[in-house]
Amino acid sequence: LLDMYKVQFGKDVFWIINFSLIFQSLLGVPALAWLGYLSQPHRLGRKRVILLTCVGSTISTGVPAITSNAYIIISVQTMLALVGAGTLNLGMVTAVSAWTTDWCHPNEKTMLFSLTQGALFGGMALAPVGATMLQDSNVFAISFVMKLLGPLYVLFRF
């Protein structure tokens with residue numbers, strides 16, 4: 001994406017990208033509280049919120065596979081950040097953490113939170129390596145297909 005952003009944004013690429021990322025992070029803060037509220041079992045429930053954020057994150061990943069317009073990509077990612085389903089998909093982390101507290105024994109919370117957070121950060125650490133290995137292929141299409149598998153996993157596993 002960075003090469004495409006450089007071509008389309010020119011010399012302002014640094015400012016546009018960083019401003020959009022900061023703005024998306026700030027927009028996501030109220031969304032996380034909102035998703036935590038909605039994910040309570042007597043409202044939408046954990047599974048539905050996880051599924052909705054998974055679908056939103058899939059859309060965020062799929063947009064670069066469909067278009068090469070940087071303005072559209074950043075706009076869609078910003079709109080999805082409003083509902084906690086942007087590029088980072090922190091809404092899902094919130095719902096999974098809340099879901100873990102629902103069913104696990106208090107003595108197991110530390111272990112289970114460590115597993116979920118370790119998997120999250122391990123995925124974040126390994127994702128750039130995988131993208132580098134797939135650089136010659138269409139990495140956006142591959143990541144979009146992988147993201148499509150996420151909602152199916154949530155539907156059948158949770």
Side-chain angles (χ1 to χ4, degrees), residues 1-5 7-9 16-41 43-102 112-113 115-158:
L1 282 177
L2 186 57
D3 292 334
M4 179 177 49
Y5 289 163
V7 170
Q8 294 184 30
F9 296 140
I16 292 172
I17 290 174
N18 285 320
F19 177 76
S20 71
L21 290 174
I22 291 168
F23 188 59
Q24 289 172 24
S25 297
L26 294 174
L27 286 176
V29 171
L32 295 179
W34 177 68
L35 287 172
Y37 174 80
L38 287 178
S39 73
Q40 293 176 350
R43 292 189 173 83
L44 287 179
R46 310 290 190 214
K47 182 177 181 178
R48 285 189 185 123
V49 170
I50 290 171
L51 186 61
L52 290 172
T53 57
C54 196
V55 169
S57 178
T58 302
I59 293 169
S60 177
T61 305
V63 171
I66 296 168
T67 182
S68 59
N69 186 331
Y71 294 97
I72 292 174
I73 294 169
I74 289 178
S75 298
V76 169
Q77 290 172 348
T78 302
M79 287 187 292
L80 288 170
L82 278 169
V83 294
T87 307
L88 295 176
N89 200 11
L90 295 175
M92 185 181 297
V93 176
T94 302
V96 169
S97 296
W99 175 71
T100 304
T101 60
D102 288 344
L112 293 171
F113 280 128
L115 288 173
T116 56
Q117 295 299 316
L120 171 74
F121 291 113
M124 287 180 172
L126 294 177
V129 174
T132 303
M133 291 178 357
L134 298 171
Q135 198 161 16
D136 293 334
S137 62
N138 190 351
V139 71
F140 297 121
I142 293 169
S143 64
F144 181 63
V145 170
M146 294 300 290
K147 279 286 197 171
L148 285 175
L149 298 175
L152 294 175
Y153 178 77
V154 171
L155 280 173
F156 295 119
R157 177 67 176 105
F158 287 97

Between [X] and [Y], which heavy-atom pair has the shortest distance, and what is it?
X   : Y    : answer
G36 : R46  : O-NH1, 4.1 Å
A31 : A81  : CB-O, 3.8 Å
I74 : Q24  : O-NE2, 3.9 Å
P41 : D102 : CG-OD2, 4.1 Å

Would you check if the side chain of [X] reaches a backbone N or O of [Y] as a donor-acceptor pair within less than 3.5 Å?
X    : Y    : result
T116 : L112 : yes
S57  : C54  : no
T53  : I50  : yes

With a 4.5 Å cut-off on side-chain heavy atoms, are [Y] and [X] touching?
X   : Y   : answer
I22 : L26 : yes
T78 : F23 : yes
L52 : L35 : no
Q8  : N69 : yes

Could you tell me the separation between the [atom1] atom of [X] and the [atom2] atom of [Y], rounded to the nearest 0.5 Å?
X   : Y   : atom1 : atom2 : answer
S39 : L32 : OG    : CG    : 10.5 Å
L51 : L44 : CG    : CG    : 11.0 Å
Q77 : L21 : CD    : CG    : 8.0 Å

side-chain contact (heavy atoms from CB on, under 4.5 Å) evaluation trace for I16 with Y5: CA-CA 9 Å; I16 292 172; Y5 289 163; over 6 Å; no
